[in-house]
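Following: one structure in structure tokens, then a few remarks.
Atoms within a ligand are numbered from 1 in the order they appear, just like the ligands themselves.
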Amino acid sequence: MDTPEKKKVIFSAIQPSGTITLGNYLGALRNWVKLQDDYHCIFAVADLHAVTVRQEPKNFRQNILNAYALLLACGIDTEKSLFFIQSHVHTHAELAWLLDCYTQFGELSRMTQFKDKSLKHADNVNAGLFTYPSLMAADILLYQADMVPVGADQKQHLELSRNIAERFNGIYGNTFTVPDPYISTVGARVMSLQDPSKKMSKSDENVNAWVAVLDKPDTIMKKFKRAVTDSEAVVCVGEGKDGINNLIGIMSAVTGKTSDEITAEFEGKGYGDFKTAVAEAVIEELRPIQERFEDYISNKDYLAEQYRKSAEIALKISQRTLDKAMKKIGFLAK
Ligand code: ATP
Ligand code: LTN
């Protein structure tokens, strides 16, 4: 008898370090939702990672819960996937410590995110910011994940996770699955509305640079109307037209139209009309998510039930891997 093919395991996480943006949605979350039918998906709100940058306690608590509710509203389904809050599963911090001892100072020093964030938060270059990648490796390796969907910015960290896993396996024999990056074919890279040479980032201090998934329709309209463009006033993809290229990319991601179709549709029209149309399309895409978010966030008991249920299962799975790794290292069993 044929055994049914075992579904591959996918792990990914998002930091609750601010308001989730249109970039996070189009570049990551929307794709996670689609993966749930074909893979055994495990998703987390990476709150332990977020404290590498100082968080204001009240905002932080709210951001964690908002991130959880928003991901459910985007379509993460706890009937199909595990979806928990990282700090609720204690094995993450425990394996991270062990992996710290198998990660070299030199390797961590080469991480571009560490270099960027050290410059940005020069008054708080803490040890957690430095060892951030070994916590990320722990997240992934605990579930023996086969694949990790990440954007370009996280590729270097994933490469390091692979190196840590291979090093550990090399010393102690096969312990961890070595994870591959999952490259999505449809993931859009959304750029800042104020400086389209930079990616749209939720930690950008200029609020006009990003659109939050939960921004009100008139705020979304205002932000798109203010978007930086060029002086050519022709809606088409081109060199030196980063702002318009970005808006066309967003329009295409949201409506499913190709850039040629969009160019044809806006022939002879100015940037003002185009910006309004992009904003309207984004508002329509986000409207049902915002409505579902309002339902979830007003039902704290339901949210708690969901994240507790997933955390309990995640603990069982991850404890097995942690025990295995500790036994191999030589820790005395309890
Ligand atoms: P921060 O500003 O706090 O570094 P961020 O907005 O860059 O955060 P992350 O939490 O680092 O977002 O990323 C979550 C996921 O969203 C990752 O998979 C990342 O690749 C993806 N992502 C982030 N920004 C964009 C973007 N502008 N376009 C497409 N995908 C993005
Ligand atoms: N560092 C990631 C978030 C993250 C993650 C992970 C992604 C934490 N742990 C494990 C993939 C796998 C970020 O900032 N996007």
Tell me, which protein residue and heavy-atom name are nearest [atom], and how many Å apart are they?
atom: atom 22 (N) of ligand 1; answer: Asn24 ND2, 3.7 Å
atom: atom 1 (N) of ligand 2; answer: Tyr132 OH, 2.6 Å
atom: atom 1 (P) of ligand 1; answer: Ser203 OG, 3.5 Å
atom: atom 31 (C) of ligand 1; answer: Gly23 O, 3.5 Å
atom: atom 29 (C) of ligand 1; answer: Ala188 O, 3.2 Å
atom: atom 27 (N) of ligand 1; answer: Val190 O, 2.7 Å

**Study point:** With Lys199, the salt bridge (charged side-chain N to carboxylate O under 4.0 Å, His left out) member among Asp242, Asp204, Asp153
**Key:**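 Testing each of Asp242, Asp204, Asp153 against Lys199, the sole residue satisfying salt bridge (charged side-chain N to carboxylate O under 4.0 Å, His left out) is Asp153.
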
Should you measure from each heavy atom of [X], which atoms of ligand 1 turn up under 4.0 Å away?
X: Ile14; result: 10 (O), 14 (C)
X: Gly151; result: 18 (O), 20 (O)
X: Arg189; result: 28 (N), 29 (C)
X: Lys199; result: 5 (P), 7 (O), 23 (C), 24 (N), 27 (N)

Review point. Is the closest basic N to carboxylate O distance between Arg167 and Glu107 below 4.0 Å?
Key: yes

Atoms of ligand 2 close to [X] [distance to a heavy atom under 4.0 angstrom, numbered from 1]:
X: Gln15; value: 14 (O)
X: Ala46; value: 8 (C)
X: His49; value: 8 (C), 9 (N)
X: Val148; value: 11 (C), 12 (C)

Practice item. Establish, yes or no, whether a centroid distance under 6.0 Å links the rings of Phe114 and His157. Key: no

Review point. With distance as the sole test, does Ser81 use its side chain to make a donor-acceptor pair with the main-chain N or O of Glu79 at under 3.5 Å?
Key: no

Check your understanding: So, Asn208 side chain and Lys223 main chain: donor-acceptor pair closer than 3.5 Å or not?
Key -> no

Review point. Between Ala28 and ligand 1, does any nitrogen or oxygen pair lie at a separation below 3.5 Å?
Key: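 By distance alone, the answer is no.
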
Regarding ligand 2, does [X] bring an N or O atom to under 3.5 Å of one of the ligand's N or O atoms?
X: Asp139; result: yes
X: Asp153; result: no
X: Gln154; result: yes
X: His157; result: no

Could you tell me if [Y] and [X] have a donor-acceptor pair between their side chains, going purely by distance under 3.5 Å?
X: Asn24; Y: Thr21; value: yes
X: Tyr182; Y: Asp146; value: no
X: Tyr68; Y: Gln306; value: no
X: Ser87; Y: Asp47; value: yes

Review point. Lys117 near ligand 1, heavy-atom distance under 4.0 Å?
Key: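 It does, in that a heavy atom of Lys117 comes within the 4.0 Å cut-off of ligand 1.
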
Check your understanding: Heavy-atom contact under 4.0 Å between Ser17 and ligand 1?
Key ->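 Distance cut 4.0 Å: Ser17 passes for ligand 1.
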
Practice item. Answer yes or no for Lys269 and Phe266: cation-pi contact, defined as NZ/CZ to six-membered ring centre under 6.0 Å and angle to ring axis within 45°. Key: yes

In Å and rounded to the nearest 0.5 Å, what is the [atom1] to [atom2] distance from [X] to [Y]?
X: Leu142; Y: Leu322; atom1: CG; atom2: CG; value: 6.5 Å
X: His88; Y: Arg308; atom1: NE2; atom2: CZ; value: 8.0 Å
X: Leu160; Y: Gln104; atom1: CG; atom2: CD; value: 10.0 Å

Review point. Taking the minimum heavy-atom distance to atom 9 (P) of ligand 1, which of Gln154, Gln15, Lys202, His49 ranks first?
Key: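 That would be Lys202.
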
Practice item. Record the part of Ala13 in heavy-atom contact with ligand 2 below 4.0 Å; permitted values are side chain, backbone, both and neither. Key: both

Exercise for review: With heavy atoms under 4.0 Å as the rule, classify the contact between Val150 and ligand 2 as side chain, backbone, both or neither.
Suggested key: side chain

Review point. Just heavy atoms, cut-off under 4.0 Å: does Asp153 contact ligand 1 by side chain, backbone, both, or neither?
Key: side chain

Practice item. Measure up the Tyr102 and Tyr172 rings against each other and bin them: parallel (under 30°), tilted (30 to 60°), perpendicular (over 60°). Key: perpendicular

Practice item. Kindly work out whether a path of hydrophobic side-chain contacts (I/L/V/M/F/W/Y, heavy atoms less than 4.5 Å apart) joins Leu141 to Met147. Key: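 No, it is not one cluster - the side chains of Leu141 and Met147 are not joined through contacts under 4.5 Å.
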
